[in-house]
J.: 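Please read through the structure below; I'll follow up with questions.
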Amino acid sequence: MHPQVAVRTVEILSHRLRFSHELMRRLGSHPAENRSAWLLLRLGDKLGRPWEGKNLINAPVSREELAAMIGITTETASRIVSRFQKKGLIESGRGWIAIKDPEGLKKLAEDLFY
């Protein structure tokens with residue numbers, strides 16, 4: 001056996017678990033609009049690609065999936081996406097979302113960042 005590998009694995013898993021608990025605590029204590037902004041930025045960082053001067057989330061994302069990821073109803077997710085579009089923060093279509101104004105989303109989500 002390799003005890004160093006086992007110890008390192010436990011350290012990594014422990015860190016991830018602490019991060020997940022802290023994330024759930026933070027997400028649970030903020031309004032849906034702030035959590036949605038945070039999620040869109042996170043998805044943009046992980047899955048985004050440049051597209052016509054925007055950051056296209058390069059995976060089909062439905063309102064249902066957005067809602068499930070942050071614990072809100074589909075109707076609330078739809079209202080928030082519409083509100084973000086009207087504010088010029090994002091563009092969206094059937095199954096896609098592009099971030100137009102990441103700084104605007106960051107202002108909404110700033111309390112959720114470490």
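Only a predicted model underlies this, so the values are computations on that prediction, with no experimental measurement involved.
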J.: For the side chain of Ser78 and the backbone of Thr74, is there at least one donor-acceptor N/O pair under 3.5 Å apart?
T.: yes

J.: Do you know which two heavy atoms are closest between Leu89 and Gly104, and how far apart they sit?
T.: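 Closest heavy-atom pair between Leu89 and Gly104: CD2-CA, 3.7 Å.
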
J.: Tell me the closest heavy-atom pair linking His30 and Arg35, and the distance in Å.
T.: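 The pair with the smallest heavy-atom distance is O-NH1, 3.0 Å.
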
J.: Listing request: all ring pair (Phe, Tyr, Trp, His ring centres under 6.0 Å) pairs with a residue in residues 67-87, at least two apart in sequence or in separate chains.
T.: none

J.: For the backbone of Asn58 and the side chain of Arg49, can you confirm whether one donor and one acceptor N or O come within less than 3.5 Å of each other?
T.: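 Side chain of Arg49 to backbone of Asn58, a donor-acceptor pair under 3.5 Å: no, none is there.
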
J.: What is the minimum heavy-atom distance between Ala37 and Leu108, and which atoms define it?
T.: CB-CB, 3.7 Å

J.: What distance do Glu75 atom CD and Glu64 atom CD have between them, rounded to the nearest 0.5 Å?
T.: 9.0 Å

J.: Find out if a path of hydrophobic residues (ILVMFWY) with successive side-chain heavy-atom gaps under 4.5 Å connects Val81 to Leu56.
T.: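 As far as the 4.5 Å side-chain criterion goes, Leu56 and Val81 are not connected within one cluster.
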
J.: Looking at every heavy atom in both Asp45 and Asn55, which two are closest together, and how far apart are they?
T.: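 Heavy atoms of Asp45 and Asn55 come nearest at N-ND2, 4.5 Å.
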
J.: Is it true that Thr76 and Arg79 share a donor-acceptor pair across their side chains at a distance under 3.5 Å?
T.: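 Looking only at side-chain atoms, Thr76 and Arg79 do form a donor-acceptor pair, the distance falling under 3.5 Å.
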
J.: Who pairs with Arg83 by salt bridge (charged side-chain N to carboxylate O under 4.0 Å, His left out), at least two apart in sequence or on another chain?
T.: Glu33

J.: For Lys107, I'd like to know if atom NZ has over 12 heavy atoms of other residues, nucleotides or ligands within 6.0 Å.
T.: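 Not more than 12 within 6.0 Å, no.
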
J.: Provide the closest heavy-atom pair for Ser92 versus Arg63 in the form atom of the first, atom of the second, distance.
T.: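 Shortest heavy-atom contact: OG-NH2, 3.1 Å.
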
J.: Evaluate the side-chain proximity of Leu40 to Leu66: yes if any heavy-atom separation is below 4.5 Å, no if none is.
T.: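 SC-SC contact between Leu66 and Leu40 confirmed.
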
J.: Between Leu105 and Asp101, is the side chain to side chain contact (heavy atoms under 4.5 Å, CB included) condition met? List the steps.
T.: CA-CA 7 Å; Leu105 287 175; Asp101 182 5; over 6 Å; no

J.: Of Ile90, Ile80, Ile97, which is the lone residue that meets side chain to side chain contact (heavy atoms under 4.5 Å, CB included) with Gln85?
T.: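 The passing option is Ile90.
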
J.: Mind checking whether Trp38 and Leu47 sit in one hydrophobic cluster, side chains of I, L, V, M, F, W, Y counted as touching below 4.5 Å?
T.: yes

J.: How would you list, by chain and number, every residue that makes a salt bridge (charged side-chain N to carboxylate O under 4.0 Å, His left out) with Arg8, sequence neighbours excluded?
T.: Glu11

J.: What is the minimum heavy-atom distance between Ile72 and Ser36, and which atoms define it?
T.: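 Scanning both residues completely, I find the closest heavy atoms to be CD1-OG, 4.0 Å.
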
J.: Decide side chain to side chain contact (heavy atoms under 4.5 Å, CB included) for Leu41 and Lys106; before the verdict, give the C-alpha distance in whole Å, the side-chain angles of both, and the deciding distance to 0.1 Å.
T.: CA-CA 8 Å; Leu41 288 167; Lys106 283 179 185 172; 3.6 Å; yes

